[in-house]
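No hydrogens, no waters, no symmetry mates; every other heavy atom, side chains included, goes into these values. Nothing here was measured: the structure is a model prediction, and the numbers come from that model.
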Amino acid sequence: MVRVRFAPSPTGFLHVGGARTALFNYLFARHFNGIFVLRIEDTDIARSERIFEKNLMDSLRWLKIQWDEGPDVGGPYGPYRQSERLHIYREYAEKLVRENKAYRVYAYPEEIEQLREELLSKNLPPHYTREMFDRFATKVRIREYEEKGIQPAIYFSMPRKTIVHNDLIKGQVVFTEGSVGDFALLRSNGMPTYNFACVVDDMLMKITHVIRGDDHLPNTVKQLAIYEAFGVEPPQIGHVSMILGPDGKKLSKRHGATSVEEFRARGYLPEAVVNYLALLGWSPPDAQEIMSMEEMIEKFSIERVSKNPAIFDPGKLKWMNGHYIRKSQVKTIVELLIPYVESKGWSYKSKEWLENVFLCVRDRMHTLEEFTDLADFFFVRPEVTLQTDEAIRRGLLECAARLEQAGELTKEGLVNVFREVIKGSKLNAKDFYMSLRRALTGKSEGPELIDVVTLLGRVETAARIRKALGVG
RNA sequence: GCCCCCAUCGUCUAGCGGCCUAGGACACUGGCCUUUCAAGCCAGAAGCAGGGGUUCGAAUCCCCUUGGGGGCGCCA
């Protein structure tokens, strides 16, 4: 049974990088009918917040990445929040201490920081060893800890040997002896560190495959050493390369929208976000780029995940979002559009009318957010004063008059009215239509004019013509 | 300073020794369609970082250089 997990720390919104990692894990699990676990890594008490945890879950749900086990739904290997598993980490850390694979450190964090800087200033790698810590463990210091009720941190004694890792994505990676020093397992506040909690949980939660970001590759050697210390076979581990900003640097806020939350707010569809993210570092065996979640699940394989870092291209996401807006059910999109319309304080005649308005501007939309700019004139009369020659002016006024006098008109009927006026007054059709467009929409480009007139109605059309010409 | 990863059009990628005259997608340019802008369709321009090997044959394998990224925390 394949068991994978996505283990974010609730210290911010779900970033596209995290979303892509979650997606790959999800696709991998579903492809093999396995289990996808959501684990919250909230061991950094200073930065972890419950609202971020909620937001993380909301974002995942929005993307339709569903977990089978997690803090909210539970599961056989819970709890799934690390802050609720502290006794477990303690127990496992003590076990390593008993076996002399880990040891207590009686140095204060500031002292360790000082040690680190000393090493760095001597151009030595900032690696700690047990010997370096020994000088702090004086009888006086130990008593001080006891009196103050401080727990010593527990450090892992890194074995001095070369460790070979066979990465699911990168292939064989060799960590030569001495590339890392001893490191903390448990902090003096009792909280486990990432590398330790991660291994204990993956072990206990029976995780079979780990797919995570490239930035964790250097951690792997530490984690493999911990697995070995416990005498446990590690899961298969694969590292996906990072998502970079357009400048080739790690994607961050200064590159614009980077969180799933922002993309949702800006009118992106989850189908587009997920589809785009899947293509960032993975490609299906056929060349098909537009895929549903089901298709991605079917086609996904870790072998086809690329090794190179990918630059996030907002342009392609936008294109893909436009594509999904056009391919989705009209009713579905209109429902999503209503909040945008209401936030502008606009009212609409009926949903059917709104659907038709949407259909008018659909081909120009890339995001839902763009709807209000594209379709504003359907809701509000534009402020325009038309500067036009006398012939066109007269033609437009004639149109207005004829529209008002006419009964209900079909599309063909409307077209005929315009054609007759153009013909009768020998107007330049292009100039006439452009003036009409300006009068009705206030813009020089936009939807098919007949559709605009149809949706506006005869009366409103006539009124806008007169208003633009400063008549009546 | 040390360790690790990566390297095909501007961008995402296909390619896993001969099917490559390097394929697709976004973006770009031109055309068609069209009263406008789009959408759609068609066409085009654009790339194997550089240098050494291995081989009958290299984008594909090896080495070096260069470039980019990540890490070396009582952060994750």
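- At the heavy-atom level, A:G446 lies under 4.0 Å from base atoms of the strands shown.
- Base-pair partner of B:U55: not found among the strands shown (Watson-Crick or G-U wobble, both distances under 3.5 Å).
- Note on A:F196: nothing from the nucleic acid sits closer than 4.0 angstrom, heavy atoms only.
- Across all strands shown, A:V180 has no heavy atoms under 4.0 Å from either base or sugar-phosphate atoms.
- Which of B:A76, B:C74, B:U35 sits closest to the side chain of A:I450 comes down to B:U35.
- Rounded to an integer number of Å, the gap from A:K299 NZ to B:U13 P is 18 Å.
- Of the candidate nucleotides B:A76, B:A7, B:U35, B:U35 has the atom nearest to the side chain of A:L449.
- We find that NZ of A:K316 is positioned 16 Å from P of B:G10, with the value rounded to whole Å.
- Nearest to the side-chain atoms of A:A310 among the listed nucleotides B:U13, B:C4, B:G73 stands B:U13.
- Between A:F418 and A:Y433, the ring planes lie perpendicular to each other; the angle is over 60°, past the 30° to 60° tilted range.
- Listed nucleotides B:C74, B:G70, B:A76 differ in distance to A:P218; the shortest reach to its side chain belongs to B:G70.
- Across all strands shown, A:S188 has heavy atoms under 4.0 Å from base atoms, whether or not it also approaches the sugar-phosphate.
- Each of B:C5, B:A76, B:U36 was ranked by its minimum atom distance to the side chain of A:T43; first place goes to B:A76.
- B:G1 sits 37 Å from B:G15 when the P atoms are compared, rounded to a whole Å.
- Base pairing of B:C2: its partner is B:G71, meeting the Watson-Crick or G-U wobble criterion (both donor-acceptor distances under 3.5 Å).
- In this entry B:A49 has B:U65 as its Watson-Crick or G-U wobble partner, both defining distances falling under 3.5 Å.
- Distances were taken from every side-chain heavy atom of A:K170 (C-beta onward) to each of B:C6, B:A76, B:A39; the shortest belongs to B:C6.
- Taking the six-membered ring where the residue is Trp, A:F13 and A:F52 present perpendicular rings, their angle passing 60° and hence far from 30°.
- For A:E289, taking side-chain heavy atoms from C-beta onward, the closest of the listed nucleotides B:G69, B:G24, B:U35 is B:G24.
- A:A7 comes within 4.0 angstrom of no nucleic acid atom, judged by non-hydrogen atoms across all strands.
- Backbone-only contact: A:G281 has heavy atoms under 4.0 Å from sugar-phosphate atoms and none from a base.
- A salt bridge links A:R90 with A:E94: the closest approach of a Lys/Arg side-chain nitrogen to an acidic carboxylate oxygen falls below 4.0 angstrom.
- Atom CG in A:N189 sits about 18 Å away from atom P in B:G73, given to the nearest Å.
- The A:P309 side chain lies nearest to B:C6 when the options are B:C6, B:C12, B:C37.
- Using a cut-off of 4.0 Å between Lys/Arg side-chain N and Asp/Glu carboxylate O, A:R81 and A:E53 are scored as salt-bridged.
- Among the heavy atoms of the strands lying under 4.0 Å from A:D363 is at least one base atom, whether or not backbone atoms are also near.
- When heavy atoms are screened at a 4.0 angstrom cut-off, A:R304 is found touching the sugar-phosphate backbone but no base atom.
- When distances are taken from the side chain of A:N123 to each of B:C74, B:G1, B:A27, the shortest belongs to B:G1.
- As rounded to the nearest Å, B:U13 and B:A46 have P atoms that lie 23 Å from one another.
- Using a 4.0 Å heavy-atom criterion, one finds that A:K250 contacts the sugar-phosphate atoms exclusively.
- In this structure, A:N219 reaches the bases: a heavy-atom distance under 4.0 Å links it to at least one base atom across the strands shown.
- Of the candidate nucleotides B:C12, B:C74, B:A76, B:C12 has the atom lying nearest to any side-chain atom of A:L280.
- With the nearest nucleotide of RNA chain B identified for both A:S306 and A:E448, A:S306 has the one nearer the 5' end.
- Shown here, B:G40 forms a base pair with B:C32; the pair counts as Watson-Crick or G-U wobble because both key distances fall under 3.5 Å.
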Applying salt bridge (charged side-chain N to carboxylate O under 4.0 Å, His left out) to A:D376 and A:K443, what does each step give before you reach the verdict?
CA-CA 11 Å; A:D376 55 352; A:K443 303 173 200 230; 3.1 Å; yes

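- At a threshold of 4.0 angstrom between heavy atoms, the contacts of A:P109 include nucleobase atoms, whether or not backbone atoms are also involved.
- The partner of B:G10 is B:C26, by the rule that a Watson-Crick or G-U pair needs both atom distances under 3.5 Å.
- As a whole-Å value, the separation of A:K222 NZ from B:C74 P is 8 Å.
- At a threshold of 4.0 angstrom between heavy atoms, the contacts of A:A429 with the nucleic acid are absent.
- Between A:F136 and A:Y108, the distance from one ring center to the other does not fall under 6.0 angstrom.
- The only option from A:R362, A:K318, A:R266 that meets the salt bridge (Lys or Arg N to Asp or Glu O under 4.0 Å) definition with A:E370 turns out to be A:K318.
- Atom P of nucleotide B:C4 and atom CG of A:L217 are separated by 10 Å, given to the nearest angstrom.
- Across all strands, A:K249 comes closer than 4.0 Å only to sugar-phosphate atoms, never to a base (heavy-atom distances).
- The residue A:L185 sits apart from the nucleic acid: no heavy atom pair falls under 4.0 Å.
- Salt bridge absent: A:K423 and A:E420 never bring a charged side-chain N and a carboxylate O closer than 4.0 Å.
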